[in-house]
Amino acid sequence: MRTARVPVPLLLPAGLGLIFLLLPLAGLLARTPWSTLPARLAEPRVVEALRLSLLTSTLATVLCLVLGVPLAWMLARVSFPGRRLVRALITVPLVLPPVVGGIALLLALGRRGLAGQWLDATFGITLPFTTAGVVIAESFVALPFLVIAVEGALRGADSRFEEAAATLGSTRWTTFTHVTLPLVAPGIAAGAVLCWARALGEFGATITFAGNYPGITQTMPLAVYQTMESGDLEGAVVLSLILLVVSVAILAGLRDRWLTAP
Amino acid sequence: MKTLRTVAAGLAALIAFGLAGCGGERTDNDTGDRAGTVTGPITVFAAASLTESFTTIGKQFEAAHPGTTVTFNFAGSSALATQINEGAPADVFASASPKNLAVVVDAGNSEGRPTTFVKNQLVIAVAKGNPKGVAGLAGLTEPDVKVALCAEAVPCGAAAKAAIEAAGVKVTPVTLEQDVKAALAKVKLGEVDAALVYRTDAKAAAADVDAVEFPESAKAINDYPIVALKNAKNGAGAQAFIAYVSSPEATKVLTEAGFQAP
């Protein structure tokens, strides 16, 4: 087998890029206190933060699926005035620094916020400093990832199947549930994984909007930050390692099934 | 292709702008070793509660020592201690408690003896007009009063814990903030009803919050120590700044801000 020589101007930066991505992970592993690791893992605050992180990022993903798939469908299948503007607006949270997102959420859903004061006055609901607030913050940041992935999948899907269903008398809703959804299921799954990973790592919007309290709003990234800030570098490394292992395990587990490039 | 080129040009401009910004700060590498002259940049890491007074003192110092520029990094003392021990480039460290300063001294990163330059104590910051009628620490235990405290690793959090224990009450906060300014911001935003902050912070924010004094704060008075750092790039500047902090001019600023003499 003859392989063409890889040009050096491509090989060199590619190698540097790989090292750049992997070196920090190596640094993390090099400073991991392996001997005290099991005891550290069993600490209640670690278990609590991990449980909260898994719970909130999963709930955020469910919320994103419920809202995001129909939104993606609208963008891909329905032509309405201002569609391009809507698509552009959806990507704003994607490029917005998360801490800005957190402030924006406070001003919208906080106790004195645009919609928040109404929620408080009418239903007595306040979102900041609650686990629901964490889910909201994570969903705000993660939703665009899902919408963009699913819209891409919808645009790539062969619309003749949907047209065929329509000619056979299927309503648009039946077509959506029986033809479109199965067709783009891998795309939705890929979007959900991206969305979940983004929610799991969410920090800025969460600490700004939902605050920081163990067991209620202190997710793993917040626990990592607080542990590091309080001077317990070893503890921060342990928490980081858990997050790393959990994310890699989930991505690896889903990769073969859902994330293979077409 | 044309758009690509425009984007590339834009990126190049952004990068150039960013690099210029970085370079400007520390180009003057004169460490002021010449006898009697202090010049060049001085980097001061200071507790968040010193934000207003040190900013003023920094300007006075620059005016008194032409050729110097004082740059501040204000954050929770525990975070600053961690940053210094991890090699952050700082000349002076002013902490809101001896405990966080000891972390730096114990790691061998200080130079010379720390000196205590002020004392500070806690008040309860509440919304203007005190709508919940908080009269003392016992008022923070009411179920409809949402409370923000500093995390225990931060001096204001440690002091809050000491004061609350001295009062023999049980306060359940909704959030543990990373520095005193973050706790105060939650009161300003109206997201919490009360926060334990320093008297000086409440005074600096007097336009937005009222301060409620309480007797137990006398049991949790924080000493503020200041010390020069071993890895200082501007050792002479560090000593001059520390000396200036105890000068009559600086003492006047600190006293007016609400700090007490050591």
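Residue numbering restarts at 1 for every chain, and letters A, B, ... go by the order of the sequence lines.
Proximity to chain A is absent for every atom of V154(B), based on heavy atoms less than 4.5 angstrom apart. Only the side chain of T82(B) comes within contact range of chain A, judged by heavy atoms closer than 4.5 Å. At a 4.5 Å heavy-atom cutoff, the contact between L107(A) and chain B is made by side-chain atoms alone. Proximity to chain A (any heavy atom under 4.5 Å) is shown, for E191(B), by both the backbone and the side chain.
Contact count versus chain A (heavy atoms, under 4.5 Å) is highest, among A75(B), S78(B), A153(B), for S78(B). Chosen from S77(B), P173(B), A182(B), the residue pairing most often with chain A at heavy-atom distances under 4.5 Å is P173(B).
The nearest pair of heavy atoms linking A220(B) to A162(B) is CB-CB, 4.0 Å. Of all heavy-atom pairs spanning V180(B) and C156(B), the tightest one is CB-SG, 3.7 Å. Considering all non-hydrogen atoms of both residues, V47(A) and A42(A) come closest at CG2-O, 4.1 Å. Heavy atoms only, all atoms of each residue included: P131(B) and K128(B) are closest at CD-O, 3.7 Å.
Cysteines C195(A) and C64(A): SG-SG separation is not under 2.5 Å.
Under 4.0 Å is where a charged nitrogen must lie from a carboxylate oxygen, and between K186(B) and E177(B) at least one such pair does. In summary, E151(A) and R87(A) engage in a salt bridge, as defined by a charged side-chain N under 4.0 Å from a carboxylate O.
Against chain A, no residue from residues 92-106 of chain B qualifies, as none has a non-hydrogen atom under 4.5 angstrom away.
The aromatic rings of F54(B) and F72(B) sit tilted, their planes meeting at an angle between 30° and 60°.
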Which side-chain N or O atoms in residues 125-147 of chain A pair as donor and acceptor under 3.5 Å with protein atoms at least two apart or in another chain?
unit_1  : atom_1 : unit_2  : atom_2 : d
T126(A) : OG1    : K146(B) : NZ     : 2.7
T130(A) : OG1    : L127(A) : O      : 2.5
T130(A) : OG1    : G133(A) : N      : 3.0
T131(A) : OG1    : I216(A) : O      : 2.8
E138(A) : OE1    : T56(A)  : OG1    : 3.3
E138(A) : OE1    : S57(A)  : N      : 3.3
E138(A) : OE2    : T56(A)  : OG1    : 3.3
S139(A) : OG     : V135(A) : O      : 2.7

